[in-house]
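Reading through the structure tokens given below for one structure.
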Amino acid sequence: MTSSPGAIGLPQRPRATDRTPNLLRSPRSIICSTLMWSAIGCAALALTATRAPAEALLVIEAESGKVLYAANAAHPWYPASVTKVMTAYAVLRAVKEGRLTLETALPVSKAAAAQQPVKMGFPPGTLVTVDNALKMLMVRSSNDMAVVLAEGVSGSIQSFADTMNRHARRLGMTQSTFVNPNGLPADDQISSARDIAILARALILEFPEYDYYWHIPAIKMGKVVQHNYNALIGRYRGADGMKTGFICASGFNLVASATRDGRRLIAVVLGAPSSQVRAAKAAQLLERGFNTSRLSWLMHSLGTVDAIRPINAAPPNLRDAMCGPHRKRPATEDEDGVLAANASSDSPYAVFLSSLGPKAKGAPLLKDSVVVGEPAVVYTGPYRKPGTQTAATDPKPKAKAASTAANPKISTQGARTTETAAGDAKPKAAFGPPKPRAAAGDGKPKTPTANPAPKDRATAAAGAPTSSDAPKPKKTAPMSTQATQSTQIIPTLQTR
């Protein structure tokens, strides 16, 4: 006969069925369980609601502000160096209001010289005109020039940030807050694709006379040429602006503009994983906008850019994705400089861009080679009149000026004296609004009055000027022609 454990006095283990009813019957346990599951549910909903987007995309018409495509356009984002678009806007507003001019020379302060990492690197005390600083700002994305301009307009970085924020409120950039003029990492430096498009549109519409600042292909200082970080300039058909940006937290950003058949579009890309992808996405957005049917008004309207409702959320932090240890090399804004200077028509990047969207008849989406035109010549120091040499290191003009009267091969142009030897290089072209060459002088050396008049009256009559006091001798014509052809007039880039 088998005896049970209870029969021999062993304690019996309580059954599970004995505990469950007691737990369910406890009011305190029911409340704790309910609160626990509620907390889990709320946390899950919160994670879902605040999940940051991978990127933000937007394309609009510049003239009307009509939205052609938008994805996460109202989500807050770190603008990075796209901030410099607002810096340029504030500077040009100050110029328009007469508080300074493009010829105003501003000093490089210690605070400006200390900026990192992309900068021109001028020592404190160096003078830079507003015009040259703007070119360096928009092409090279120079962080030190942003501070030079900020201090020149408002006296300090903080005061200029207040000016930037006032402009943002006036323009309807309700999601933007600025704390510095260059976009270097700061938790409170926030914008969105929506706000950036509003700013770019205002810049285009309010300052059409300064439009060339947005699409300068490169700057040249002395013998050094630095290309624009915007890889679409010179490659995408119709590209005419305007600014790139990158920090680890934001990813690769770009606001780009392009014009075709009198229609200008603005595309914004935020959070791209590389400069190549950033440019490709901007090209896709622009191409999509240009291929939009003229009868698109029959379709559902997306409204205008200022009507996009802002999203109240924290900006995404892409630091791990952009600058984490998994990357083979650190991400940097300089990727664009390498790309713009060295991209060839048969590179994978160029081939990829060439395959985007339908091509216009007889006009490929991308040119076979980079066609960017001449770089804009920039310099340090005070403003120089047209016709003066703009090399970074100038020879001493005083030594040459003393011998100008005795040497017919030396001509003086304004405040700068340049030697016109026959073996000089070709004149350097400057980028900017077209100006008549005669504005800097006719470029012809004066015939020396010490030369004797020719004895042959018939010969003199054939080539002499109207004045009988100083006839032009036929014998000296070859020398005059040679001097005229070799005269070097290197115009200073003017941006009035």
Side-chain angles (χ1 to χ4, degrees), residues 88 102-103 120 128-142 145 208-244 256-259 279 336-345 350 366-381 383-395 413-414 416 418 420 423-443 485-496:
L102 294 177
E103 293 80 22
M120 297 303 296
V128 185
T129 64
V130 173
D131 167 49
N132 285 306
L134 280 172
K135 293 183 178 74
M136 298 171 193
L137 178 83
M138 299 305 295
V139 174
R140 186 57 181 167
S141 194
S142 302
M145 292 300 99
E209 67 271 31
Y210 300 124
D211 193 70
Y212 48 84
Y213 278 124
W214 326 138
H215 56 88
I216 299 174
I219 56 174
K220 183 175 183 179
M221 190 167 199
K223 296 182 179 180
V224 179
V225 176
Q226 297 173 317
H227 292 269
N228 198 313
Y229 284 144
N230 185 355
L232 294 186
I233 294 179
R235 299 195 60 83
Y236 180 80
R237 185 164 61 92
D240 51 18
M242 69 177 37
K243 192 68 191 73
T244 63
S257 65
T259 304
D336 294 310
V338 175
L339 181 66
N342 301 321
S344 60
S345 59
L366 285 177
K367 294 179 172 66
D368 292 336
S369 59
V370 180
V371 182
V372 294
E374 293 294 330
V377 180
V378 296
Y379 58 90
T380 58
Y383 166 73
R384 299 171 182 176
K385 294 180 180 180
T388 60
Q389 188 172 351
T390 57
T393 303
D394 291 327
Q413 301 293 335
R416 175 80 178 106
T418 56
T420 57
D424 285 347
K426 296 180 179 179
K428 299 177 183 178
F431 185 91
K435 289 181 179 289
R437 194 180 183 87
D442 56 10
Q485 292 176 348
S486 61
T487 300
Q488 298 300 300
I489 301 176
I490 305 177
T492 302
L493 189 58
Q494 299 305 308
T495 57
R496 294 181 180 176

Side-chain donor or acceptor of Y379 paired with backbone N/O of R384 under 3.5 Å: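 Flag set: sc Y379 to bb R384 pair under 3.5 Å.
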
Mind checking whether Y213 and Y210 have parallel, tilted or perpendicular rings, split at 30° and 60°?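 The rings of Y213 and Y210 sit tilted, inter-plane angle from 30° to 60°.
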
Considering only heavy atoms from C-beta outward, does the side chain of V128 approach that of V378 to under 4.5 Å?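 In short, these two side chains do not touch, never coming nearer than 4.5 Å.
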
Give me the atom names and distance for the closest heavy-atom approach of [X] to [Y].
X	Y	answer
M138	M242	CE-O, 3.6 Å
A279	L232	O-CD2, 3.6 Å
G241	N230	O-ND2, 2.8 Å
T129	E103	CG2-O, 3.9 Å

With sequence neighbours excluded, tell me which residues meet side-chain hydrogen bond (donor to acceptor under 3.5 Å, both in side chains) with S142.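 Expected list: none.
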
Residue list, side-chain hydrogen bond (donor to acceptor under 3.5 Å, both in side chains) with D211, at least two apart or on another chain: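 D211 satisfies side-chain hydrogen bond (donor to acceptor under 3.5 Å, both in side chains) with R264 only.
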
To the nearest 0.5 angstrom, please state how far the CD atom of Q226 sits from the CE atom of M120.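 It is 4.5 Å, given to the nearest 0.5 Å.
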
Could you grab the distance from atom CD1 of I233 to atom NE2 of H227, nearest 0.5 Å is fine?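 Atom-to-atom, I233:CD1 and H227:NE2 are 12.0 Å apart.
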
State whether a side-chain donor-acceptor pair under 3.5 Å links S257 with D240.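 A donor-acceptor contact under 3.5 Å links the two side chains.
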
By side chain to side chain contact (heavy atoms under 4.5 Å, CB included) - contacts of V139 (at least two apart):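 If we apply the side chain to side chain contact (heavy atoms under 4.5 Å, CB included) test to V139, skipping adjacent residues, the hits are I216, I219, N228.
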
